[in-house]
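Counting starts at 1 for both ligands and their atoms, in listed order. All heavy atoms count here, side chains included; hydrogens, waters and symmetry mates do not.
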Amino acid sequence: MLVIGERINGMFKEVRRAIEAQDKAAVQRLAREELEAGANVLDVNLGPAQVEPLPALRWLVEAIREVTKAPLAIDTTKADLMEEGLRLAGPGSFLNSSTGQEEKLRLFLPLAAKYDASLIALTIDEKGVPADSSGRTEIGLRIVAAASEAGLDPGRLYIDPVILPVRFTQPNPGHVLGALREVRLLCDPPPKTVLGLSNVSQGSSLRELINRTFLVMALGAGLDAAIVDPLDRPLMEAMITAELLLNRHIYCDDFLKAYRAGAG
Ligand code: THG
């Protein structure tokens, strides 16, 4: 599974503080920790920090780029921020995210091409997040068609069926699993799929248990990538074990160690 580290997000108090105080070392430490823990890509989101967003995003991306060449997922809904983030992050980045709305796709598909980026697109339209799995699938198929028309390599399109907190929307996780299966079944070649995993446990106690249980279920439904906290060690171990059981890695008694050593 492609692991996208969620921690560089102004939603976390320590990151928000680091952005506001321009504390480069704090951001760089987080980037290193996420990568060492197994992240392949780093999500970068300013969150609700009280700063001018464009210079703040520039500062953030440049600070990360001083310590790693790892791909970054620029996590914003604003086109001007997205373009500047992709430009500074360089080729191989992720655009996080478009929706299925036509005007968003018209804006973001060309940006993905211009900056040689993968595109994450949420199954959201003018009416918001659909109430069931087939509504998500329908928007997903529309996104796949638009991306194909724009010439995006299907291996670089990630459909995100939008996981919401189970505490407030209990049927939602089941609908997300349905949409993951349906989108893959109905497209040839299938697009990749991604989730912002930690959404599922927002407002709940036992957050980590909910996160790792749902991650395993989503892997069973074919999930390719997830935005997760790679510093959550039991989560990463559950992911590695699920992939082993799904025959995505070769079994050996020391499979956790082997995976971490890069032999997975
Ligand atoms: N899909 C895509 N991108 C996304 C999401 C998604 N990006 C943002 C988000 N959802 C994924 N990232 C997070 C990061 C943090 C949390 C949840 C999702 C989180 N934060 C604590 C909270 O809200 O309780 C912050 C509290 C704190 O510790 O200070 O849970 O779905 N494509």
> Is any NZ, NE, NH1 or NH2 atom of the basic residue among E14 and R7 found under 4.0 Å from an Asp or Glu carboxylate oxygen of the other?
Replying inline: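 Yes, charged N to carboxylate O under 4.0 Å.
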> Got a salt bridge between D232 and R207, using NZ or NE/NH1/NH2 to carboxylate O under 4.0 Å?
Replying inline: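 No.
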> Which pairs count as ring pair (Phe, Tyr, Trp, His ring centres under 6.0 Å) when at least one residue sits in residues 195-220, sequence neighbours excluded?
Replying inline: none
> Taking only residues two or more places apart in sequence, or in another chain, which ones meet E33 in a side chain to side chain contact (heavy atoms under 4.5 Å, CB included)?
Replying inline: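 With neighbours one apart ignored, the set is R29, L30, L231.
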Can you produce the list of protein nitrogen or oxygen atoms under 3.5 Å from a nitrogen or oxygen of ligand 1, alongside each distance?
{"unit_1": "ligand 1", "atom_1": "1 (N)", "unit_2": "D160", "atom_2": "OD2", "d": "2.7"}
{"unit_1": "ligand 1", "atom_1": "3 (N)", "unit_2": "N96", "atom_2": "OD1", "d": "3.4"}
{"unit_1": "ligand 1", "atom_1": "3 (N)", "unit_2": "N96", "atom_2": "ND2", "d": "3.1"}
{"unit_1": "ligand 1", "atom_1": "7 (N)", "unit_2": "D75", "atom_2": "OD2", "d": "2.8"}
{"unit_1": "ligand 1", "atom_1": "10 (N)", "unit_2": "N199", "atom_2": "OD1", "d": "3.1"}
{"unit_1": "ligand 1", "atom_1": "23 (O)", "unit_2": "Q202", "atom_2": "NE2", "d": "3.1"}
{"unit_1": "ligand 1", "atom_1": "24 (O)", "unit_2": "R207", "atom_2": "NH1", "d": "2.9"}
{"unit_1": "ligand 1", "atom_1": "30 (O)", "unit_2": "R207", "atom_2": "NH1", "d": "3.1"}
{"unit_1": "ligand 1", "atom_1": "30 (O)", "unit_2": "R207", "atom_2": "NH2", "d": "2.7"}
{"unit_1": "ligand 1", "atom_1": "31 (O)", "unit_2": "N199", "atom_2": "ND2", "d": "2.7"}
{"unit_1": "ligand 1", "atom_1": "32 (N)", "unit_2": "N96", "atom_2": "OD1", "d": "2.8"}
{"unit_1": "ligand 1", "atom_1": "32 (N)", "unit_2": "D160", "atom_2": "OD2", "d": "2.9"}

> Do you know which of I64, N45, D43 makes side-chain contact (heavy atoms from CB on, under 4.5 Å) with I8?
Replying inline: I64
> With D23, which residues qualify under salt bridge (Lys or Arg N to Asp or Glu O under 4.0 Å), at least two apart?
Replying inline: R17
